Amino acid sequence: MAYNKHEVNAMDRILPIDLARPRLRKSFRGYDVSAVDDLLQQAAKSLESFITENVSLREQNEKFRQELDGYRSQDTILRDTLVVAQKTADETRSVAQKHADAILEEARSAALAERMSVQQKVSELRWDLERLKSERQRFSDDFKVLIDRYSREIALLSSANLSVIEGEIESAAAQA
């Protein structure tokens with residue numbers, strides 16, 4: 001039996017009720033009516049089962065789509081959270097690096113200042129040492145000059161005292 005285009009489209013839209021209660025013309029030489037009725041009943045049941053299954057599958061598909069949308073939403077949130085976490089980690093690392101650099105620079109500055117202070121103290125101590133050496137030399141020179149002067153005075157006094165004593169002895173001897 002050949003169907004034209006219009007009849008195929010009509011068959012595409014057949015519902016189970018159409019098969020359960022077909023409106024077929026009976027002919028003198030046709031198929032066995034009870035066999036056709038049984039076949040139509042089975043086709044109607046199968047079609048109804050397919051439609052029910054199709055509805056169930058559509059509902060399940062819609063449920064899966066909603067779940068998928070939820071997962072996509074969660075995925076987007078997780079990706080955004082990961083990006084924010086990565087940015088935060090990068091910023092934290094950057095701030096920590098800057099803080100470490102600042103501490104290191106402060107320590108270098110403090111070390112340089114301390115080194116300069118120590119060098120200044122060393123310079124001052126060297127200057128003090130040179131000053132003390134110079135004062136010691138001057139004291140030594142002054143002390144030598146003093147000793148020489150006292151030695152000369154002692155020598156002069158000794159010789160003057162001897163002359164006086166000799167003069168007194170001579171004067172006593174002349175009177176005697």
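Predicted, not measured: the structure shown is a model, and the values here were computed from it. The chain is numbered in sequence order, starting from 1. All values below come from the heavy atoms of this structure, side chains included, with hydrogens, waters and symmetry mates left out.
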Treating [X] as the side-chain partner and [Y] as the backbone partner, does any N or O pair qualify as donor plus acceptor under 3.5 Å?
X: S56; Y: T52; result: no
X: S151; Y: I147; result: yes
X: S117; Y: A113; result: no
X: T92; Y: T88; result: yes

Legend entry - Beyond-backbone contact of K87 with V84, side-chain heavy atoms, under 4.5 angstrom: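 A side-chain contact is absent here, since even the closest heavy-atom pair is not under 4.5 Å.
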Legend entry - D80 and T76, any side-chain heavy atoms less than 4.5 Å apart: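 Contact flag for T76/D80 side chains = yes.
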Inset, instruction - Give the intermediate values and the outcome of side-chain contact (heavy atoms from CB on, under 4.5 Å) for residues S109 and E105. - result: CA-CA 6 Å; S109 295; E105 185 59 34; 3.8 Å; yes
Inset, instruction - Return yes if a side-chain donor-acceptor contact under 3.5 Å exists between Q97 and D101, otherwise no. - result: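 The criterion, which ignores hydrogens and geometry beyond distance, is satisfied for D101 and Q97.
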Any chain of hydrophobic side-chain contacts (each under 4.5 Å) joining [X] to [Y]?
X: L39; Y: F50; result: no
X: L112; Y: I103; result: no
X: L47; Y: V36; result: yes

Inset, instruction - For side chain to side chain donor-acceptor pair (under 3.5 Å), just list the numbers for D90 and Q86, CA-CA rounded to whole Å, side-chain angles, deciding distance to a tenth of an Å, and then say yes or no. - result: CA-CA 6 Å; D90 291 345; Q86 184 64 42; 3.0 Å; yes
Separation between [atom1] of [X] and [atom2] of [Y], rounded to the nearest 0.5 Å:
X: Q66; Y: D69; atom1: CD; atom2: CG; result: 7.5 Å
X: E67; Y: Q74; atom1: CD; atom2: CD; result: 10.5 Å
X: L146; Y: F139; atom1: CG; atom2: CZ; result: 9.0 Å
X: S46; Y: Q41; atom1: OG; atom2: CD; result: 11.0 Å
X: E114; Y: Q119; atom1: CD; atom2: CD; result: 11.0 Å
X: R152; Y: I154; atom1: CZ; atom2: CD1; result: 11.5 Å

Legend entry - Other residues, nucleotides, ligands: >12 heavy atoms within 6.0 Å of E106 CD: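 Result for CD/E106: open.
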Indicate yes or no: does [X] engage [Y] in a salt bridge with an N to O separation below 4.0 Å.
X: D75; Y: R79; result: yes
X: R131; Y: D128; result: yes
X: R149; Y: E153; result: yes

Inset, instruction - Start with the C-alpha gap between I51 and E48, add the side-chain angles, then the distance that decides, and say whether side-chain contact (heavy atoms from CB on, under 4.5 Å) holds. - result: CA-CA 5 Å; I51 290 173; E48 187 173 346; 5.7 Å; no
Legend entry - E130 and W127: CA distance, side-chain angles, deciding distance, side-chain contact (heavy atoms from CB on, under 4.5 Å) verdict: CA-CA 5 Å; E130 289 301 318; W127 186 84; 5.8 Å; no
